[in-house]
Amino acid sequence: MGSFWQLPLAMYSKAKRSSLPGRQLLRPFFESPPEHVSPRLLGKILVHRTENEDGTKYIAGRIVEVEAYLGPHNTPPDPASHSHRGPTPRNVVMFGPPGYAYVYAIYGRYFCMNVTCEPPGLAGCILIRALEPLQGVSQMALNRSLQPGASPRQLTSGPGRLCLALGLTRPTHNALDLCDPASPLQIRDDGYPAPELIVTPRIGISAAVDWPLRFAVRGNPCVSGPRSMR
DNA sequence: CTGTGGATTTGCT
DNA sequence: GCAAATCCACAGG
């Protein structure tokens with residue numbers, strides 16, 4: 001018999017299909033350094049509320065992989081962080097209050113989503129790298145130009161993929177307050193137990209390649225990268 | 001399974 | 001100008 005955390009994650013969200021699951025995370029949750037908040041973010045739910053002619057819909061997934069990016073106040077500073085040379089028009093939201101979305105464009109085609117951490121003035125943040133789809137799966141497939149039967153892994157395994165699946169872009173979602181009860185973008189806790197996790201170096205960077213700042217749910221199929229990275 | 005190259009926006013030197 | 005916290009298609013073993 002498998003461990004508790006190996007049961008299908010979707011089991012824990014079947015109860016509420018058309019409403020917000022669990023409770024919204026409050027700002028104090030994000031006021032600590034990103035390497036401290038990151039492991040606690042695994043198992044929480046990222047929810048995007050969309051309005052269209054049919055009404056309100058939710059697209060949501062459970063967070064199964066994140067990476068911490070440290071602010072320039074650390075010694076040594078994190079050379080892989082967008083904030084390491086101080087505030088710029090792109091990264092200024094990272095230097096503001098915790099609990100905000102930092103969304104940036106990458107390689108001309110994709111967006112990646114972060115959550116700001118640390119008290120105002122300090123620039124730590126957490127990159128959301130992978131989700132397990134929970135709600136709005138057919139919409140995710142549409143957004144990703146995949147067949148309706150696409151695997152959960154194909155939908156949201158990777159930071160660019162999950163932003164596409166949820167419809168997140170910099171023009172619309174950068175600098176949104178995730179802790180505002182009225183926000184269309186929120187992170188919520190539905191009581192899912194703290195998962196067993198692995199810690200590894202971060203992916204896709206060329207500086208500080210050995211810093212152990214990537215956190216993932218052990219064995220979860222939606223975690224990005226080869227099997228050896230799960 | 002692994003490796004390679006192309007697409008194409010954005011911020012910063 | 002160029003490099004980038006990526007993804008995808010396709011080639012070859």
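Labels below follow one simple rule: chain letters A, B, ... track the order of the sequence lines, proteins then strands, and each chain is numbered from 1.
- In the set dC12(B), dA5(C), dC7(C), the nucleotide with an atom closest to the side chain of P89(A) is dC12(B).
- A stacked arrangement is assigned to Y107(A) and the six-membered base ring of dT6(C), with a centre-to-centre distance below 5.5 Å and an interplanar angle below 30°.
- Rounded to an integer number of Å, the gap from W211(A) CH2 to dA5(C) P is 14 Å.
- Between L164(A) atom CG and dC7(C) atom P the separation is 10 Å, expressed in whole Å.
- Going from atom CZ of F215(A) over to atom P of dA5(C) covers 19 Å, rounded to whole Å.
- In this structure, dG12(C) and dC1(B) make a Watson-Crick or G-U wobble pair, each of the two defining distances being under 3.5 angstrom.
- Looking at I126(A) and N114(A), their side chains never come closer than 4.5 Å, going by heavy atoms from C-beta outward.
- Rounded to a whole Å, the CZ atom of R90(A) is 16 Å from the P atom of dT9(B).
- For H82(A), a side-chain nitrogen or oxygen approaches OP1 or OP2 of dA5(C) to under 4.0 Å.
- Listed pair R129(A) / dT6(C) meets the phosphate criterion, a side-chain N or O lying under 4.0 Å from OP1 or OP2.
- The distance between the ring centers of H82(A) and Y69(A) does not fall below 6.0 angstrom.
- Side chain Y104(A) to base dA5(C): a donor-acceptor pair is found below 3.5 Å.
- When all heavy atoms of V103(A) and N174(A) are compared, the closest pair comes out as N-OD1, 2.9 Å.
- Remark: S206(A) is in phosphate contact with dA4(C), judged by side-chain N or O atoms under 4.0 Å from OP1 or OP2.
- Between the CZ atom of R109(A) and the P atom of dG5(B) there is a distance of 17 Å, given to the nearest Å.
- Nucleic acid contact class of I205(A) (heavy atoms, under 4.0 Å, all strands): sugar-phosphate only.
- Spacing between atom CG of N174(A) and atom P of dT9(B) amounts to 19 Å, rounded to whole angstrom units.
- In this structure, the side chains of L178(A) and L25(A) stay at 4.5 Å or more apart for every pair of heavy atoms.
- Within 4.0 Å (heavy atoms only), G108(A) reaches at least one base atom of the nucleic acid.
- Contact annotation: R144(A) side-chain N/O to dC8(C) OP1/OP2 distance is under 4.0 Å.
- Inter-residue side-chain proximity for V93(A) and F95(A) is flagged as unmet; no heavy-atom pair is nearer than 4.5 Å.
- If you take CD1 of I106(A) and C1' of dC8(C), they are 15 Å apart, rounded to a whole angstrom.
- Between Y69(A) atom OH and dA4(C) atom P there is a gap of 13 Å when expressed in whole angstrom units.
- Proximity note for R170(A) (side chain, C-beta onward) versus dC12(B), dG11(B), dT6(C): the nearest is dG11(B).
- How far CG of D78(A) is from OG of S83(A): 7.0 Å, rounded to the nearest 0.5 Å.
- One finds a side-chain N or O of R161(A) lying less than 4.0 angstrom from the OP1 or OP2 phosphate oxygen of dC8(C).
- Within 4.0 Å of N91(A), counting heavy atoms only, lies no atom of the nucleic acid at all.
- Taking every side-chain heavy atom of A105(A) into account, dT10(B) is the closest of dG11(B), dT10(B), dA5(C).
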